[in-house]
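Remember, it's 1-based here, ligands and their atoms both numbered in the order they're listed. Numbers here simply count residues along the sequence, with the first being 1. This is a predicted model, so every value here is computed, not measured.
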Amino acid sequence: MINEKNLQLGTARSAIRELFEYGKRQAALVGAENVFDFSLGNPSTPAPKEINDAVTEILSTCDPIAVHGYTSAQGSIETRTAIADSITRRFGTSADADDIYVTCGAAAALCCSFGALTKDNNTEFIAIAPYFPEYKVFVEGAGAKFLAVPAKTDDFQIDFTRLEATLNPNSAAVIINSPNNPSGVVYSADTIKKLSALLERKSEEFGHPIYIIADEPYRELVYDGIEVPFIPNYYRNTIVCYSYSKSLSLPGERIGYIYVPKFADNSRQVYAAAAGAGRAMGYVCAPSLLQQVITRCINATPDLTNYETNRKLLLENLTTYGYECAAPDGAFYLFIKAPDGDGNSFSEKAKEKNLLIVPGESFGCKEYVRISYCVDTDMIKRALPCFKELIEC
Ligand code: PLP
């Protein structure tokens with residue numbers, strides 16, 4: 001007996017992974033230097049030196065059994081305290097260890113949050129398109145329904161008329177990802193204020209809180225001094241899902257957390273239900289070594305030099321060639337409008353030149369393609385003539 005839905009999920013790769021695997025096969029045929037792979041969001045900047053130093057020090061000085069042992073299901077008290085103190089210090093709120101659940105990256109944090117808020121199979125979660133494609137998989141995996149509301153296409157901020165029309169008594173939460181994958185856009189304080197006012201009003205009308213799930217793996221990856229609003233400071237019913245995958249270049253290490261503020265409605269039940277969802281899915285006791293690393297390196301910051309260079313290089317050249325793109329404030333993606341208005345066919349055309357860019361359809365915007373610029377700068381330089389030819393032909 002096989003679960004058909006999971007069989008299908010496990011057989012068909014995501015569009016991003018499909019392209020990445022294709023790139024590896026092409027590299028073996030035509031040489032890696034002739035394949036321009038902009039598919040995956042795998043950080044191209046090494047983890048900060050203090051991370052590697054901490055790993056070495058922990059392994060050489062700590063109790064060799066405890067270092068790899070289980071921690072509490074929700075994460076060690078030391079790690080949760082370090083994270084809570086850092087949130088308190090940075091955002092002027094008052095987090096403590098009991099508000100934090102340490103997870104295997106943002107993916108597990110999101111799955112636990114969806115699991116916590118899914119009352120029954122009528123429960124709905126709303127994302128703003130463009131959105132990270134795995135949201136749909138995670139929401140449906142929790143037994144709920146996934147809905148997408150298109151953003152305004154001029155600046156990719158939230159379209160409140162459409163969002164209001166979509167909210168209904170089954171709405172459990174709105175998923176906000178800022179800086180956004182794939183558009184790179186940061187939702188402004190004005191957008192977050194309007195969103196808070198709308199959700200307050202609708203929560204009142206429907207007689208239950210509608211939460212914001214703030215998915216924040218790119219929080220620290222921002223350019224030109226832009227500020228990312230800390231959403232719990234604007235809307236109390238916020239659940240933050242954070243990850244060190246992108247900010248500290250640790251995607252394979254699987255470490256992140258959920259923060260459920262004490263001042264959120266039903267805060268302790270939401271926290272307990274997230275922990276319960278974690279238990280049901282086996283997302284307990286996030287990697288112990290990495291918990292210790294994060295405890296020691298809680299103030300580590302990313303080196304943005306490579307991403308800043310790549311962003312400037314691509315943005316300046318692509319807009320000169322005539323591509324349309326909302327200026328990305330953060331993350332490491334450009335979401336450009338396909339010149340022929342069809343992201344799928346444009347991605348296919350690009351593929352013929354071994355230029356791998358992801359069609360926007362899986363992000364909920366089929367007129368666009370995503371370029372992931374966490375890559376080697378020389379590869380961008382080599383790829384630029386291809387981008388130029390593609391818009392000219
Ligand atoms: N959310 C967004 C917007 C992402 O882009 C990603 C990964 O690319 C994730 C969540 C998952 O992150 P993690 O690797 O921490 O599970």
Side-chain angles (χ1 to χ4, degrees), residues 13-20 38-45 47 51 75 83 100-115 125-139 141-142 146 148 151 156 173-187 212-222 228 231 239-259 274 277-278 281-283 286-287 290-291 293-294 302 307 328-335 358 360 362-365 370-375:
R13 283 201 195 94
S14 75
I16 302 171
R17 287 269 159 201
E18 202 61 68
L19 212 51
F20 175 66
F38 294 91
S39 64
L40 217 57
N42 215 359
S44 55
T45 297
I51 297 282
I83 293 170
I100 306 294
Y101 188 90
V102 187
T103 59
C104 297
L110 290 160
C111 289
C112 293
S113 303
F114 297 141
F125 292 90
I126 301 171
I128 311 298
Y131 54 81
F132 177 55
E134 295 302 283
Y135 292 154
K136 186 170 184 310
V137 178
F138 299 162
V139 165
F146 174 82
F156 286 117
V174 176
I175 310 161
I176 294 298
N177 170 223
S178 171
N180 184 267
N181 171 12
S183 71
V185 162
V186 169
Y187 295 131
I212 289 179
I213 294 180
D215 178 27
E216 306 206 323
Y218 301 96
R219 162 165 285 281
E220 287 79 18
L221 305 187
V222 283
V228 183
I231 301 182
I239 301 170
V240 176
C241 294
Y242 184 83
S243 166
Y244 297 95
S245 294
K246 316 288 173 165
S247 58
L248 297 184
S249 300
L250 296 171
E253 304 295 355
R254 315 307 301 136
I255 192 86
Y257 62 83
I258 306 171
Y259 165 50
M281 289 181 284
Y283 284 145
L290 264 291
Q291 289 194 47
V293 170
I294 293 303
Y307 303 145
D329 306 310
F332 37 51
Y333 308 104
L334 287 188
F335 205 46
V358 185
S362 43
F363 303 97
C365 294
R370 186 189 80 170
I371 300 169
S372 185
Y373 61 79
C374 45
V375 296

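- Close contacts of ligand 1 with Ser245, meaning ligand atoms under 4.0 Å from a residue heavy atom, involve 13 (P), 14 (O), 15 (O).
- Phe363 and Tyr131 have their aromatic ring centers separated by at least 6.0 angstrom.
- With contacts defined as side-chain heavy-atom distances shorter than 4.5 Å, the pair Ile128/Ile175 does not qualify.
- Ligand 1 has at least one atom lying under 4.0 Å from a heavy atom of Tyr218.
- Atom numbering of ligand 1 starts at 1 in the shown order; those under 4.0 Å from a heavy atom of Asn181 are 3 (C), 4 (C), 5 (O).
- Looking at Ser243 next to ligand 1, an N or O pair under 3.5 Å apart turns up.
- Judged by distance alone, the side chain of Arg370 and the main-chain N or O of Ser183 form no donor-acceptor pair under 3.5 Å.
- Between Ala106 and ligand 1, a contact under 3.5 Å exists for at least one N or O pair.
- A heavy-atom separation below 4.0 Å is found between Pro217 and ligand 1.
- Results of the ring-ring contact (aromatic ring centres under 6.0 Å, His included) test with Phe125 over Phe146, Phe114, Phe138 single out Phe114 as the only residue that passes.
- With sequence neighbours excluded, the residues forming a ring pair (Phe, Tyr, Trp, His ring centres under 6.0 Å) with Tyr218 are Phe332, Tyr333, listed by chain and number.
- Protein heavy atom closest to atom 16 (O) of ligand 1, with residue, atom name and distance, is Arg254 NH2, 2.7 Å.
- Residues passing the ring pair (Phe, Tyr, Trp, His ring centres under 6.0 Å) test with Tyr244, sequence neighbours excluded: Tyr242.
- Close approach of ligand 1 to Asp215 (heavy-atom distance below 4.0 Å) involves ligand atoms 1 (N), 2 (C), 3 (C), 10 (C).
- Not a single donor-acceptor pair under 3.5 Å links the side chain of Ser247 to the backbone N or O of Glu220.
- Looking only at protein heavy atoms, the nearest one to atom 8 (O) of ligand 1 is Lys246 NZ, 2.8 Å.
- Each of the following atoms of ligand 1 lies closer than 4.0 Å to a heavy atom of Asn177: 3 (C).
- Protein heavy atom nearest atom 6 (C) of ligand 1, with residue, atom name and distance: Phe132 CZ, 3.5 Å.
- Under the 3.5 Å distance criterion, with hydrogens and angles disregarded, a donor-acceptor pair is assigned to the side chains of Tyr135 and Asp215.
- Geometrically, ligand 1 and Ala108 share no nitrogen or oxygen pair separated by less than 3.5 Å.
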